Amino acid sequence: MSTRGRQAEAARNDLRLLRAAHEVFTTQGFDAPVSAIAKAAGVGMGSLYRRYRTKEELLQRLCVIAMERGVEAAEAGLAEPDPWEGLVSYIRACVGFRAGALAPVAGTIEVTDEMWRAARKGTDLADRLITRARAAGALRGDVTTLDVSLLVEQFSRPAPGGEHPHAKERLLTIALDGLRAPGATELPGDPPSVEWYEGRWGSPS
């Protein structure tokens, strides 16, 4: 096999591994053995360990991918002329690829510099979406970026007993209506802080 052919095969194996890892971890739990991932991906354990020496490295890579996809979703939302539709498209996209599915590993793995950079970029773009929608009078004034992030986390969790074909979409539509200005009920308590939100993962080096 040529060098280019081997590189293409390695890339395909990596993609299968990452897809399988995301599915296994988010459905079977983060204690699932890596052997289950290799089996689901259809690759040998040697292939897995050549790419990811530890389960932590695999989880770190999955986190970066999720954050990068969140960045792409936010950029697409900001490209939407209507501020409300831009915010809604961002939230729906993040829920669609379960952007918050890996949140339960917070505090259990080391956060790399790459993870911090991706997270900060995603938060900055989400802040812009929130600020724009609020300035347009579309988003209720007491909703913060972290409220939206935590909402996405809630919708990223697998439903016990399997997904109903329309349940998540119905509940997400209800939640989105709850974000609209002016808001019928005052939100209780103080909003979550950035220090609390990031503190779940640790402190940047």
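Here the structure is a predicted model, which is why all the values come from computation and not from measurement.
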For residues [X] and [Y], determine if any side-chain heavy atom of one lies less than 4.5 Å from a side-chain heavy atom of the other.
X	Y	value
Met115	Ile109	yes
Arg92	Thr173	yes
Arg140	Arg180	no
Glu198	Trp116	yes
Ser35	Met45	yes
Leu18	Leu58	yes
Ile37	Leu17	yes
Pro191	Leu146	no

Nearest 0.5 Å, please: how far is [atom2] in [Y] from [atom1] in [X]?
X	Y	atom1	atom2	value
Asp14	Arg16	CG	CZ	10.0 Å
Asp142	Leu187	CG	CG	4.0 Å
Leu62	Arg19	CG	CZ	12.5 Å

Is it the case that the side chain of [X] and the backbone of [Y] share a donor-acceptor pair, with hydrogens and angles ignored and the cut-off at 3.5 Å?
X	Y	value
Arg98	Ser156	yes
Glu57	Arg53	yes
Lys168	Val95	no
Gln60	Thr112	no

Margin query: Counting only heavy atoms from other residues, nucleotides and ligands, does the tally under 6.0 Å from CZ of Phe30 exceed 12?
Written below: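 Enclosed.
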
Check: Can you tell me if CG on Asp177 sees more than 12 non-hydrogen neighbours from other groups inside 6.0 Å?
Finding: yes

Same apolar cluster (I L V M F W Y, side chains within < 4.5 Å links), [X]/[Y]:
X	Y	result
Tyr90	Leu150	no
Val194	Leu125	no
Trp196	Trp201	no

Item checked: Full working for side-chain contact (heavy atoms from CB on, under 4.5 Å) between Ile130 and Thr144 -> CA-CA 7 Å; Ile130 295 293; Thr144 69; over 6 Å; no

Item checked: Test log, rule side-chain contact (heavy atoms from CB on, under 4.5 Å), inputs Ser89 and Trp84 -> CA-CA 9 Å; Ser89 72; Trp84 174 251; over 6 Å; no

Work out which heavy atom in [X] is nearest to a heavy atom in [Y]; give both atom names and the distance.
X	Y	result
Ala74	Ala126	CB-N, 4.5 Å
Val105	Thr108	O-OG1, 2.6 Å
Phe97	Ala73	CE2-CB, 4.5 Å
Ala20	Ala40	CB-CB, 3.8 Å
Ala32	Phe25	O-CE2, 4.0 Å
Met67	Ala118	CB-CB, 3.7 Å

Margin query: Phe155 vs Leu171, test: side-chain contact (heavy atoms from CB on, under 4.5 Å). Steps then yes/no.
Written below: CA-CA 9 Å; Phe155 277 96; Leu171 292 175; 3.8 Å; yes

Check: Does any pair with a residue in residues 122-135 pass side chain to side chain donor-acceptor pair (under 3.5 Å), and if so which ones, sequence neighbours excluded?
Finding: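 As it turns out, the side chain to side chain donor-acceptor pair (under 3.5 Å) pairs with a partner in residues 122-135, which skip direct neighbours, are Asp127-Thr145.
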
Check: Is the NZ or CZ atom of Arg200 both under 6.0 Å from the centre of the six-membered ring of Tyr197 and within 45° of that ring's axis?
Finding: yes

Next item on the list: Quick one: do Ser47 and Arg50 satisfy side-chain hydrogen bond (donor to acceptor under 3.5 Å, both in side chains)? Show the steps, please.
Entry: CA-CA 5 Å; Ser47 295; Arg50 276 194 297 273; 3.2 Å; yes

Checklist line | Note: Lys121-Glu114 ion pair, threshold 4.0 Å (strictly below) | finding: no

